[in-house]
Amino acid sequence: MKKRLLPFLLALCLALSVPASALGSEDFRQGQLSGLAAAGDGALLVTDVYNKVVWRIEGDKVTRYAGVIGAAALSGEPTGAYHDDTADRAYFLEPWDIAPFLDGFAVSDASANVVRYIANGRVYTLAGTGKAGRQDGSDKRASFDRPTGLAAGSDGSLYVADTNNGAIRCISKKGAVTTVVTGLTSPTGLCWHDGALYVAETGRSRICRVVNGRATPFAGVSAEAEEAGEYYGGYADAAALSAKFDHPQGLAAGADGTIYVADTGNSAVRAIRDGRVYTIARGAGTSLMPASPRGLLAQGDTLYAADVFAGSVLTRSVATRVFTDVAAGAWYESAVYAAVRQGIAGGTGAAEFEPDSAMDRAMFVTMLSNAHKLSDGTAIIDGEAAFSDVPENEWYAAPVRWAADGGVTTGENGLFAPKRSVSRQEMVTFLYRYAKAQGLNVAVSSDGLAAFSDASAVAPWAADAMRWAVARGIVSGMGDGRLQPGGAATRAQALTILLNFMKSCSL
């Protein structure tokens with residue numbers, strides 16, 4: 001048995017495989033997988049833009065669900081056609097995406113400029129004339145110009161990314177085609193969640209949210225290129241509207257409201273939740289997968305990704321890790337899970353977080369370095385600085401060197417004291433120095449320290465940092481009118497302050 005599914009990263013699980021004896025498996029191995037849909041019986045349906053067919057994957061068995069693999073052209077690629085017929089005799093030109101619709105499945109045939117429909121063992125034309133255009137109306141009169149992404153709405157309608165028209169179209173259950181949104185730049189991937197349509201605006205490297213026919217930016221920021229109408233993408237995890245993508249092509253919505261993004265140009269799968277973007281997996285460094293993700297499908301605790309370049313369906317568990325010592329409703333619950341999802345902090349055991357344990361200096365500097373890596377995916381966390389009490393190969397050594405080289409910490413008499421509990425004013429000072437080093441605005445217009453009964457306990461070396469943190473809402477005291485600047489911070493307090501800092505600076 002030859003394995004076909006490759007892992008995203010070490011955390012990914014190998015869930016599907018394809019035996020050499022499976023029907024169409026040789027062609028499947030050479031394919032370019034694009035769109036994904038759940039077949040409803042535990043199987044997956046996957047479009048293949050190279051072989052120009054739709055595959056069905058069930059366990060370790062792959063079969064051709066619809067389409068004919070045509071004769072090879074001079075390039076070796078199978079030829080396609082636009083031909084409706086029984087599922088085993090129909091032809092596609094470029095089956096880009098697939099989504100459930102009515103009693104079957106809609107398939108966007110991008111190069112044919114039509115949306116096809118598979119039901120009752122046949123392939124039909126759902127909408128489109130076969131010629132590029134942008135005409136609303138009945139299914140037989142409507143026209144598209146390279147339809148790609150598909151999404152089923154909660155009312156039974158089908159949404160279509162009309163890519164070359166820069167529009168989102170809607171096909172009603174009765175077959176009428178209307179235009180929902182115009183003015184987008186090369187929209188592709190779509191998903192629907194809780195009354196809103198999410199759009200991968202590929203040409204502008206961002207994600208938009210459409211409600212009541214109005215599209216607004218949801219995540220991602222890009223810069224205009226030299227050529228009019230062109231935009232540069234990038235790679236950065238950050239607050240949603242400050243994050244950067246590179247020509248994303250696929251979207252999926254989790255049951256909890258997480259929006260997953262196939263960030264195709266970055267060879268990455270990203271997630272948008274709690275107003276932030278973070279990376280789930282990236283084909284960089286020693287990992288080759290994902291290479292060119294496109295179609296996504298969230299099913300329970302599993303995320304599936306179709307990778308065009310690798311010709312593989314990749315899987316990743318997205319189950320939320322549960323800590324037995326983080327009580328439901330605790331003031332720090334959301335902060336703990338947000339920090340863990342973003343890779344800023346981790347647990348201390350298989351199911352423990354120890355929120356009330358003291359945060360030491362090594363742990364906090366490591367958390368800060370993780371946050372920096374989120375905002376700059378190319379950053380190297382290491383440096384040249386050395387402290388005699390920081391062994392070179394300790395887990396925290398590289399973050400400490402990075403912090404010292406960046407001016408976040410200077411140590412004391414050649415020592416860093418990694419295991420010493422970090423005080424609240426030390427934490428704030430680390431953040432203040434980091435903000436200054438990154439060129440962030442640290443100016444404050446008011447001094448809020450006087451509002452706290454123990455303001456005089458703030459050390460002179462920490463005064464500017466504490467004024468800044470109070471003014472920005474990064475720290476708000478202990479709830480009893482005290483700052484407790486010299487008090488040891490708990491793990492829950494430390495990550496809450498760090499997340500407050502990231503939010504205040506739009507990191």
Side-chain angles (χ1 to χ4, degrees), residues 4-6 18 24-37 39 44-57 62-84 87-88 90-99 105-118 123 125-126 128 130 132 144-151 160-164 186-190 200 202-203 247-252 262-265 267 289-297 304-314:
R4 268 311 297 150
L5 299 180
L6 302 176
V18 178
S25 62
E26 289 300 327
D27 297 307
F28 179 81
R29 276 193 282 272
Q30 298 168 7
Q32 295 177 357
L33 307 186
S34 180
L36 284 167
L44 294 177
L45 298 180
V46 188
T47 60
D48 182 343
V49 295
Y50 179 84
N51 288 305
K52 301 164 182 59
V53 298
V54 178
W55 300 105
R56 173 186 166 91
I57 304 175
V62 176
T63 55
R64 192 157 37 91
Y65 183 73
V68 174
I69 300 175
L74 292 177
S75 64
E77 181 175 346
T79 56
Y82 168 30
H83 173 67
D84 290 340
D88 60 341
Y91 281 78
F92 294 89
L93 274 174
E94 188 186 1
W96 204 94
D97 200 7
I98 184 168
F105 292 90
V107 176
S108 55
D109 200 346
S111 294
N113 298 308
V114 296
V115 178
R116 314 285 287 279
Y117 180 58
I118 307 172
V123 177
T125 295
L126 180 64
F144 303 86
D145 190 350
R146 189 168 177 77
T148 55
L150 302 174
V160 183
D162 194 359
T163 302
N164 286 352
S186 300
T188 56
L190 304 177
T202 306
H247 295 81
Q249 293 186 12
L251 297 175
D263 191 3
T264 312
S267 299
M289 292 294 143
S292 185
R294 179 180 287 172
L296 296 178
L297 175 66
Y304 298 89
D307 195 297
V308 178
F309 180 81
S312 301
V313 175
L314 313 172

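Below, each value reflects all heavy atoms present in this structure, side chains not excepted, and no hydrogens, waters or symmetry copies. Residue numbers run from 1 in the order of the sequence given.
- At distances below 3.5 Å, not a single donor-acceptor pair connects side-chain atoms of Ser34 with backbone N or O atoms of Asp48.
- Taken from OH in Tyr304 to CG in Leu33, the straight-line distance is 14.5 Å, to the nearest 0.5 Å.
- When all heavy atoms of Phe92 and Asp109 are compared, the closest pair comes out as CA-OD2, 3.6 Å.
- Leu126 pairs with exactly one of Val114, Val115, Ile118 by the side-chain contact (heavy atoms from CB on, under 4.5 Å) rule, that one being Val115.
- The pair Asp84-Arg116 counts as a salt bridge, with a side-chain nitrogen and a carboxylate oxygen less than 4.0 angstrom apart.
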What do the steps show when you test Leu36 against Ile98 for side-chain contact (heavy atoms from CB on, under 4.5 Å), and what is the final call?
CA-CA 6 Å; Leu36 284 167; Ile98 184 168; 5.6 Å; no
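- Closest approach of Leu297 and Ala252 over heavy atoms only: N-CB, 4.0 Å.
- Annotation for Tyr82: atom OH counts as buried by contact number, over 12 foreign heavy atoms lying within 6.0 Å.
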Mind listing the side-chain donor-acceptor pairs of residues 71-79 below 3.5 Å, one per line with the distance, residues two or more places apart or on another chain?
unit_1 : atom_1 : unit_2 : atom_2 : d
Ser75  : OG     : Glu77  : N      : 3.3
Glu77  : OE2    : Lys52  : NZ     : 2.7
Thr79  : OG1    : Ala71  : O      : 3.0

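- Summarising the geometry of Gly250 relative to Ala200, their closest heavy-atom pair is N-CB, 4.5 Å, with the distance given to 0.1 Å.
- For Asp88, there are no salt bridge (charged side-chain N to carboxylate O under 4.0 Å, His left out) partners, not counting sequence neighbours.
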Would you check, one step at a time, whether the test side-chain contact (heavy atoms from CB on, under 4.5 Å) holds for His247 with Thr264?
CA-CA 6 Å; His247 295 81; Thr264 312; 5.7 Å; no
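- Side-chain N or O atoms of Ser111 include none that pairs as donor or acceptor with a backbone N or O of Leu93 at under 3.5 Å.
- Between Thr202 and Gln249 the shortest side-chain heavy-atom distance falls below 4.5 Å.
- Looking at Thr47, its side chain does come within 3.5 Å of a backbone N or O of Trp96 through a donor-acceptor pair.
- In this structure, Pro147 and Asn113 have side chains that are in contact, with non-hydrogen atoms separated by less than 4.5 Å.
- Side chain of Asp307 to backbone of Ala291: a donor-acceptor contact under 3.5 angstrom is found.
- Remark: the backbone N or O of Val308 is not paired with any side-chain donor or acceptor of Ser292 at under 3.5 angstrom.
- Here the closest heavy-atom approach between residue Ala161 and residue Pro187 is recorded as CB-O, 3.7 Å.
- Atoms CG and CD1, on Asn51 and Ile69 in that order, are 4.5 Å from each other to the nearest 0.5 Å.
- Partner of Thr148 under the side chain to side chain donor-acceptor pair (under 3.5 Å) criterion, chosen from Asp162, Thr163, Asn164: Thr163.
- Formation of a donor-acceptor pair under 3.5 Å by the Ser108 side chain with backbone atoms of Asp97 is found in this model.
- Of all heavy-atom pairs spanning Ser267 and Pro293, the tightest one is CA-CD, 4.1 Å.
- Taking both residues in full, the closest heavy atoms of Val123 and Ala66 are given as CG2-CB, 4.2 Å, listed atom of the first, atom of the second, then distance.
- Trp55 is listed as a side-chain neighbour of Arg64, based on a closest heavy-atom distance under 4.5 Å.
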